[in-house]
Amino acid sequence: MERLLQQKNRLKIDHCYNEFEVLIKEKRAFLDHAKGNFLKYKKILESIPDFIPSSIDFKHEAITIGDKSDLTTKDASFLNEKLEQLCPWRKGPFNLFGIKIDSEWQSWMKWDRVEPHLGNLKGRRILDIGPSNGYYMFKMAGHNPLMVLGVEPQSSFYFQYLTLQKFLKQDNVFCLPIPHDQLPKMDKYFDTVFCMGVLYHRKSPVQMLKDIFDSMKPGGELVLENLIIDSKQNFCLFPKDRYAKMRNIFFIPDLLVMESWLLRAGFTNIRCVDVTKTSIEEQRKTKWIQTETLKDFLDPNDPNKTIEGYPAPVRAIFIANAT
Ligand SMILES: C[S@@+](CC[C@H](N)C(=O)[O-])C[C@H]1O[C@@H](n2cnc3c(N)ncnc32)[C@H](O)[C@@H]1O
């Protein structure tokens, strides 16, 4: 976290430096006196030695850190045990020194849908809202941006990110253990903002989009991925209770509502570049997650419906400009 402050001049964050300083001090004190899950994951992270990878690779489906031959059998077995303790690995896959983390999601499938539509990321200031363990942040790092900043409030994912960074040491990739609304105001700062798989978790999606808009440079690019429903009537699904067994799901718009939200938040040049039904090839149970997965969230007699009777998950990717 403190690296952000140390790189103040390179990152040009003078205008919000004081706010970052206060926030990072507060988060450091919180982590130093961590309790519960934060303490559990912190202890795991601290127990992992600084193994040096002989190579890193962001280009292929699995983000690859080092090679089997970089570690002794004893060290590899120790690392494997620690990585298992950091479960569930939802995003990935990763290959750490020959240990294959076959995550719940085949995240490269989403990246393959997003990447062809992106503007150049080289030299850009990027925000990734809800990056989970940072799989996509490291994919972005492969494009040489000036910075990628993630804001990820969930302890297990944040510590998975720190574990990966321990080996990857990407100087331009940062992550703060906070929700998006705790990020200091960074008016007209980011060139590119990724908001993927987060908007349906928010009670006020339009407010979130407005806040994102304010943080972006004029002309900057938003990459928005969200659950959608199949309707052409400006409709939105608001689940009575759970959606696909998830508790914290609020608005699931159709494509027209999504466009209206983006317009009302100030975005222009709005394009829907992909609509994909989530498949059991993309999201499935592996030994790296102990919880239920997509198959368990669907109606066993009708895979087009969730267990609650709502339309099964379909996701859309929008690109828009803050102009
Ligand atoms: C469904 S996952 C999506 C992860 C990744 N962005 C992707 O597209 O695969 C949602 C992520 O957003 C995080 N999240 C939820 N609410 C958030 C908020 N208010 N601010 C930032 N992240 C949030 C969750 O902890 C989780 O890592």
Side-chain angles (χ1 to χ4, degrees), residues 23 27 37-38 41 61 63 86-94 101 103-115 117-118 126-141 148-162 164 173-184 186 190 192-212 215 222-228 242-252 273-274 276 278-279 282-284 288-289 291-294 297 313-319:
L23 174 75
K27 287 293 152 193
N37 277 344
F38 272 91
Y41 295 125
E61 290 170 6
I63 289 182
L86 286 170
C87 278
W89 288 83
R90 300 217 176 275
K91 310 299 165 179
F94 297 94
I101 300 183
S103 51
E104 177 187 17
W105 285 83
Q106 296 275 41
S107 303
W108 56 270
M109 292 171 86
K110 190 194 292 191
W111 188 245
D112 279 357
R113 296 194 290 270
V114 167
E115 196 183 24
H117 305 286
L118 297 176
I126 304 174
L127 175 66
D128 189 0
I129 302 170
S132 187
N133 58 30
Y135 176 88
Y136 299 112
M137 294 207 289
F138 295 121
K139 284 278 179 196
M140 295 168 207
V148 186
L149 172 62
V151 282
E152 175 51 65
Q154 193 162 317
S155 55
S156 59
F157 303 150
Y158 179 66
F159 278 94
Q160 285 174 4
Y161 157 80
L162 290 178
L164 298 165
V173 179
F174 308 84
C175 191
L176 296 172
I178 57 167
H180 176 243
D181 54 10
Q182 281 180 24
L183 185 67
M186 301 183 78
F190 293 106
T192 308
V193 175
F194 288 83
C195 178
M196 304 196 296
V198 180
L199 201 64
Y200 50 77
H201 288 312
R202 305 297 296 148
K203 287 182 189 153
S204 306
V206 180
Q207 188 56 51
M208 184 183 202
L209 290 173
K210 281 189 169 151
D211 293 343
I212 291 173
S215 72
L222 169 67
V223 181
L224 178 64
E225 193 244 17
N226 205 42
L227 285 169
I228 52 134
R242 297 188 182 206
Y243 172 85
K245 294 197 183 172
M246 290 183 281
R247 238 180 259 116
N248 53 351
I249 303 289
F250 298 98
F251 299 93
I252 306 182
V273 296
D274 183 77
T276 297
T278 306
S279 69
E282 186 167 358
Q283 185 187 12
R284 75 278 192 263
W288 293 90
I289 66 148
T291 52
E292 291 181 310
T293 190
L294 180 64
F297 306 150
V314 175
R315 290 172 161 84
I317 299 165
F318 279 78
I319 312 268

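Counting from 1, the numbers follow the sequence of the chain as shown. Every heavy atom of this structure was used, including side-chain atoms; hydrogens, water molecules and symmetry mates were not. Read the numbers this way: they start at 1 and go in the same order the structure lists the ligands and their atoms. These numbers come from a predicted model, not from an experiment.
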With hydrogens left out, which residues have an atom under 4.0 Å from ligand 1, given that only heavy atoms count?
Lys91, Lys110, Ile129, Gly130, Ser132, Tyr136, Val151, Glu152, Pro153, Gln154, Phe157, Pro179, His180, Met196, Gly197, Val198, Tyr200, Arg202

Note: Lys139-Glu61 ion pair, threshold 4.0 Å (strictly below):
no

May I ask you to say whether Arg202 pairs ionically with Asp181, meaning some side-chain N is under 4.0 Å from a carboxylate O?
yes

Stepwise side chain to side chain contact (heavy atoms under 4.5 Å, CB included) test for Ile129 and Ile212
CA-CA 10 Å; Ile129 302 170; Ile212 291 173; 3.7 Å; yes

Would you sort out whether Arg90 and Thr291 count as a side chain to side chain donor-acceptor pair (under 3.5 Å), showing the intermediate values?
CA-CA 10 Å; Arg90 300 217 176 275; Thr291 52; 3.0 Å; yes

Under a 4.0 Å threshold between the charged nitrogen and the carboxylate oxygen, would Glu104 count as salt-bridged to Arg284?
no

Looking only at side chains, do Thr278 and Gln283 share a donor and an acceptor under 3.5 Å apart?
no

